[in-house]
Amino acid sequence: MALTKTFNYQQRLFFPIVLTLWTFVGVVCFFHNYRTQELRHKEIKQRIEIINNRIIDLYNTEGRTDEQRNFLVASFMQFVENYYSKTEYDDISVAIYDTETGNVISRIGYELPPPEIEGDELKKYFKGSQVEARDSLGNIVELDPDKVFYNRVLFSKDGKYLVQTVVPYTAALTNSFDNSQIFLLSVILAGIVLTVFIYIFTLHLARNIVNLRTFVNNAINDTAEYNENLEFSNDELGDISRQIIKFYHQRSKALVARDKEHKMALKVIEDKWRTKRQMTNNINHELKNPLGIIKGYIDTILSNDDMDPEMKRHFLEKSQAQVNRLVEMLNDISTINRLEEGSKKVLTEIIDFHEVVFSVANDITESGMNKEMEFVYDVPMDCTVRANFNLLSAMLLNLAKNSLAYSGGTEMGVKLVSRNDKFYTFSFYDNGKGVPPEHLPHLFEYFYRVDSGRSRKKGGTGLGLPIVKNTIISFGGTISVRNRKGGGLEYLFTLPVANLDDVNDPENDEEQNNDTLKK
């Protein structure tokens, strides 16, 4: 654990690998040097043995006189001296002894005292301080008493001749053992190159791990940011790291989107329940007034048995008017509930909007409800929409009643504003006084009144415009309201174009619908 905290990931990779590498390099160098030394010693011994064997072979050859043998041996000795001259074997010493007399028959190199011989065996070897070595000039040469030289002795078959060859440990000979320096330097250089390569490799590998660990720590702390240019290597590990980060961010985005959708869904539900609660409260409030009035009239009638018949009739007519208002309000509430809960189940068909407007205009004129306001329209023939005839007619009547009750103008009407591939845009307008701008966003709210006191006097339920909005929405359209520049209100609403292959899909058309209203 302490080492983990002391060294980073790259160092924990680098040092064990490098230690293994240099251990291997050291073992290779050691065994190579050991083997080279062994082979070199073997080579020297073989050279000495070759010289001894050759000289003895010359003496062992039958059919030759002693003069011939001595001549051949002297010639070979001269060859050996010339051959090894100015080499690491320059100090080689070869001596041929007559074992019977102990005299030196021939010699090259150091002057060495002859070995003591008893019978056919060599009784004394040249060792350490027991040997006094002299060079060719007669100068005494100081040799290492523990490891003086390579020494080989060989007898002839008849035991008459003894050949002794000595190679001392000179600086030249010792240096010849180091002929493997190029190999060792090559191995060390290769080790250095591999160390650099391992450092780069571990740094390259650790960078991926360190960056990935940093990202994971940030992800745990919820501070991770997606960056496609993160410094990951262009290999399998780098690709895996990038894929992990990409997957994490895609998943994070999906979770954020899901949470956002969940919050939106909750908000929609909360808004719906808040609207329901508000509507319930408004209904209770709206019901209290007519019920209180009705109760007051009835209590008055019941508590006065001798009430004048005309007064009693007046009270009953007032009570009837409040009952009618309650019935109208309940009908409107029922209509809104049906539109809200079954907007996607509203039966629609291909209808001519011109006929709908014509029918509404005729009803308004014949009933006399328009009074002093003129109802005009500018809708082309064969303006086919996908809607419900009765609901669409009721919607236009609600707009007309609202203008009649509150606009104070002299004209109201319907006209076609524009058309695209999917929607018609219509305008229902009046030339009255309009409403203050701060009230415009609230006109479609349940029971909202610009002037609540005036509205109640005129018998409004406060649900006419909400019914209009829900009706348009049930057809897949949209509606908005604004004050006209010349005075009065203008309602812009859209209705889907009815074609043979028409499909009423409000969700898919909402964006285009909104763009149409903006125009």
Side-chain angles (χ1 to χ4, degrees), residues 320-321 323-339 343 346-417 424-433 443-444 449 455-475 477 479 481 484 488-496 498:
Q320 184 183 39
V323 170
N324 291 336
R325 183 167 176 243
L326 284 175
V327 171
E328 183 180 356
M329 184 185 302
L330 293 175
N331 288 334
D332 288 345
I333 293 172
S334 177
T335 300
I336 289 176
N337 288 333
R338 287 199 307 271
L339 290 173
S343 60
V346 172
L347 180 62
T348 60
E349 57 185 346
I350 298 175
I351 59 176
D352 189 343
F353 190 64
H354 180 274
E355 294 183 4
V356 176
V357 177
F358 175 79
S359 176
V360 171
N362 190 56
D363 290 342
I364 291 174
T365 303
E366 290 185 357
S367 64
M369 61 182 293
N370 59 327
K371 299 180 180 179
E372 296 180 356
M373 286 192 75
E374 181 182 6
F375 186 87
V376 297
Y377 58 92
D378 181 12
V379 178
M381 301 288 292
D382 298 325
C383 181
T384 56
V385 298
R386 179 169 289 278
N388 182 286
F389 189 92
N390 293 330
L391 290 176
L392 196 55
S393 300
M395 184 270 294
L396 291 175
L397 282 174
N398 266 322
L399 290 175
K401 290 178 180 179
N402 192 72
S403 294
L404 288 168
Y406 308 117
S407 70
T410 59
E411 180 181 303
M412 59 181 170
V414 181
K415 64 180 179 179
L416 176 64
V417 176
Y424 288 106
T425 301
F426 299 98
S427 169
F428 186 96
Y429 64 92
D430 62 58
N431 61 353
K433 57 187 176 182
L443 290 183
F444 294 109
R449 295 181 176 88
S455 298
R456 287 193 177 90
K457 291 178 181 179
K458 295 188 177 182
T461 63
L463 296 174
L465 291 180
I467 290 176
V468 169
K469 180 179 179 180
N470 284 303
T471 300
I472 293 296
I473 292 175
S474 69
F475 298 150
I479 186 170
V481 61
R484 296 178 69 204
L489 282 177
E490 181 179 30
Y491 298 89
L492 289 172
F493 61 92
T494 62
L495 293 173

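On a predicted model such as this, the values are computed, not experimentally measured, just so you know.
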Within 45° cone and under 6.0 Å: K415 NZ/CZ vs Y429 ring: yes
Atom [atom1] in [X], atom [atom2] in [Y]: separation rounded to 0.5 Å?
X: K433; Y: Y406; atom1: NZ; atom2: OH; value: 11.5 Å
X: S403; Y: N431; atom1: OG; atom2: CG; value: 9.5 Å
X: L495; Y: F475; atom1: CG; atom2: CZ; value: 7.0 Å
X: S393; Y: D363; atom1: OG; atom2: CG; value: 8.0 Å
X: N388; Y: E349; atom1: CG; atom2: CD; value: 6.5 Å
X: I479; Y: K469; atom1: CD1; atom2: NZ; value: 9.0 Å

Using every non-hydrogen atom in the two residues, find where [X] and [Y] come nearest and quote the distance to one decimal.
X: I351; Y: A387; answer: CD1-CB, 4.0 Å
X: D382; Y: D352; answer: N-OD2, 3.3 Å
X: S427; Y: E490; answer: OG-OE2, 2.6 Å
X: F444; Y: L465; answer: CD2-O, 3.4 Å
X: L489; Y: R484; answer: O-CD, 3.6 Å

Less than 4.5 Å apart, side chain to side chain, heavy atoms only: is that true for [X] and [Y]?
X: I364; Y: M369; result: yes
X: P380; Y: F353; result: no
X: D378; Y: L416; result: no
X: F493; Y: M395; result: yes

Checking F375 against V414 for the side-chain contact (heavy atoms from CB on, under 4.5 Å) test, could you report, in this order, the C-alpha distance in whole Å, the side-chain angles of both residues, the deciding distance, and whether it holds? CA-CA 8 Å; F375 186 87; V414 181; 4.1 Å; yes
Should Y424 and C383 be marked as a side-chain contact (heavy atoms from CB on, under 4.5 Å) after you check the CA-CA gap, both sets of side-chain angles, and the distance that decides it? CA-CA 9 Å; Y424 288 106; C383 181; 3.7 Å; yes
Look at the rings of F358 and H354 and say which category their plane angle falls in: under 30° parallel, 30 to 60° tilted, over 60° perpendicular. parallel
Could you walk me through whether L404 and M412 satisfy the side-chain contact (heavy atoms from CB on, under 4.5 Å) test, starting with their C-alpha distance in whole Å, then the side-chain angles of each, then the deciding distance to 0.1 Å, before giving a yes or no? CA-CA 9 Å; L404 288 168; M412 59 181 170; 3.8 Å; yes
Residue pair L396, V356: steps toward the side-chain contact (heavy atoms from CB on, under 4.5 Å) verdict: CA-CA 9 Å; L396 291 175; V356 176; 3.9 Å; yes
